[in-house]
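To start, the structure itself, in C-alpha cells.
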Amino acid sequence: MNSTNQSHGAKRRSASLFTALLLASGGTLVSCGSKSEPTAKEAPSTTAGSSTANVANTSVTTDPTTAPRPADSSTLTTVRTGGPVLPVADNPISNASTVQALKIVSVLVENNVDSSGKAAPDHLEIALSNTGTTKLTAFETFYTFTDTATGVTENYYAKLPADFTIAPDGSRTAHFDNTGAADHFPVNQFSLYYTDTNALDVSVIVSANDSALQTANVQKDAGGPETAD
C-alpha cells in the first residue's frame, strides 16, 4: 500500500473516531439532561413542603385575642358565687354545740332604719351579739318565709363571708337585701317576701363556730315590703 492510501485510511479512521467521540459526547449530554429533569420536577414538592411549614407556623402564632381559651376556674367561681339566690329544700346547717355565746338580739322584717336612724327599705335584718369569751366565726343563716293564708313556704340558706366575725362582748348586724353595702347580703328579689302581699311568718336560725344554734320568729304584716320615705 502506498503512502497516499495510508493517508486516506488514517483520515477515515480519524473521522470514525471523531464521530464515535461525538456520539459518546452527545449521549453524555442526553444523559445529563435526563438527570436534570427529575430535579426540575422535585421543585414543586419542595415548595409544597415550605407552604405546609408556613401554615403550621401561622397556626402556632394565632392572635391570642381571638384564640380559644380554657375556662378560667376563678371566673367560674365568681359566676357560681355571684349567681341568683334560690330557695333550698332543707336546712344544711350542722351544729351540735351547747355553748351559749351567740345571741340573736332582734330580727326586723319591716320598719327598718339605717345607722343614722333614718327610715330604710324593708328587709330582713338580724342583730347579733357575742356574750362568750372567744371570737365567733363561720356564721351561717337559714330563714323561712311562710304565707299565713296559703301555707306556702320558702327556705333560704346563706353562708356569711369569713370576715363576718364577732369579738367577745361585741355585736354585729347582718342585713339581707341587694344594696351591696357592708354587712348586707344578697336575697332573692322574687321571693315571697317581695312578691306576696299576705302576712308572713318569718323564722330565722343562726349558727357560729363553738356556739349553740339560735332561733327567732317574727311576723311581717300584709301588704308587701315598704320603701324608705
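Numbers here simply count residues along the sequence, with the first being 1.
Between E125 and V113, the shortest heavy-atom distance links the atoms OE1-O, 4.3 Å. Shown here for T215 and I205, the closest heavy-atom pair between the two residues is CG2-CG1, 3.7 Å. When every heavy atom of L160 is checked against every heavy atom of A174, the shortest pair comes out as CD1-CB, 4.3 Å. Nearest approach of D114 to S116, heavy atoms of both residues: OD1-OG, 2.7 Å. Considering every non-hydrogen atom in both N178 and Q189, the closest pair reads ND2-CB, 4.2 Å. When every heavy atom of V109 is checked against every heavy atom of D122, the shortest pair comes out as O-CB, 3.8 Å.
Sorted by first and then second residue, the ring-ring contact (aromatic ring centres under 6.0 Å, His included) pairs with a member in residues 191-218 read F145-Y193; sequence neighbours excluded.
Note on Y157 and L213: same hydrophobic cluster, where clusters join Ile, Leu, Val, Met, Phe, Trp and Tyr whose side-chain heavy atoms are under 4.5 Å apart, directly or indirectly. Note on I93 and V88: same hydrophobic cluster, where clusters join Ile, Leu, Val, Met, Phe, Trp and Tyr whose side-chain heavy atoms are under 4.5 Å apart, directly or indirectly.
Looking only at distances, no side-chain donor or acceptor of E154 sits under 3.5 Å from a matching main-chain atom of S191. Between the N112 side chain and the H123 main chain, a donor and an acceptor come within less than 3.5 Å of each other. Counting only distance, with no hydrogens or angles, the side chain of T146 and the backbone of G151 share no donor-acceptor pair below 3.5 Å. D177 places no side-chain N or O within 3.5 Å of a backbone atom of V187 that could act as its donor or acceptor partner. With hydrogens and angles ignored, the 3.5 Å screen pairs no side-chain donor or acceptor of S207 with any backbone N or O of E140.
For Y156 and F176, the ring centers sit 6.0 Å or farther from each other.
Residue K135 qualifies as open at atom NZ: its count of foreign heavy atoms under 6.0 Å is 12 or below.
In summary, the side chains of N95 and S97 do not present any donor paired with an acceptor at a separation below 3.5 Å, with no hydrogens or angles considered.
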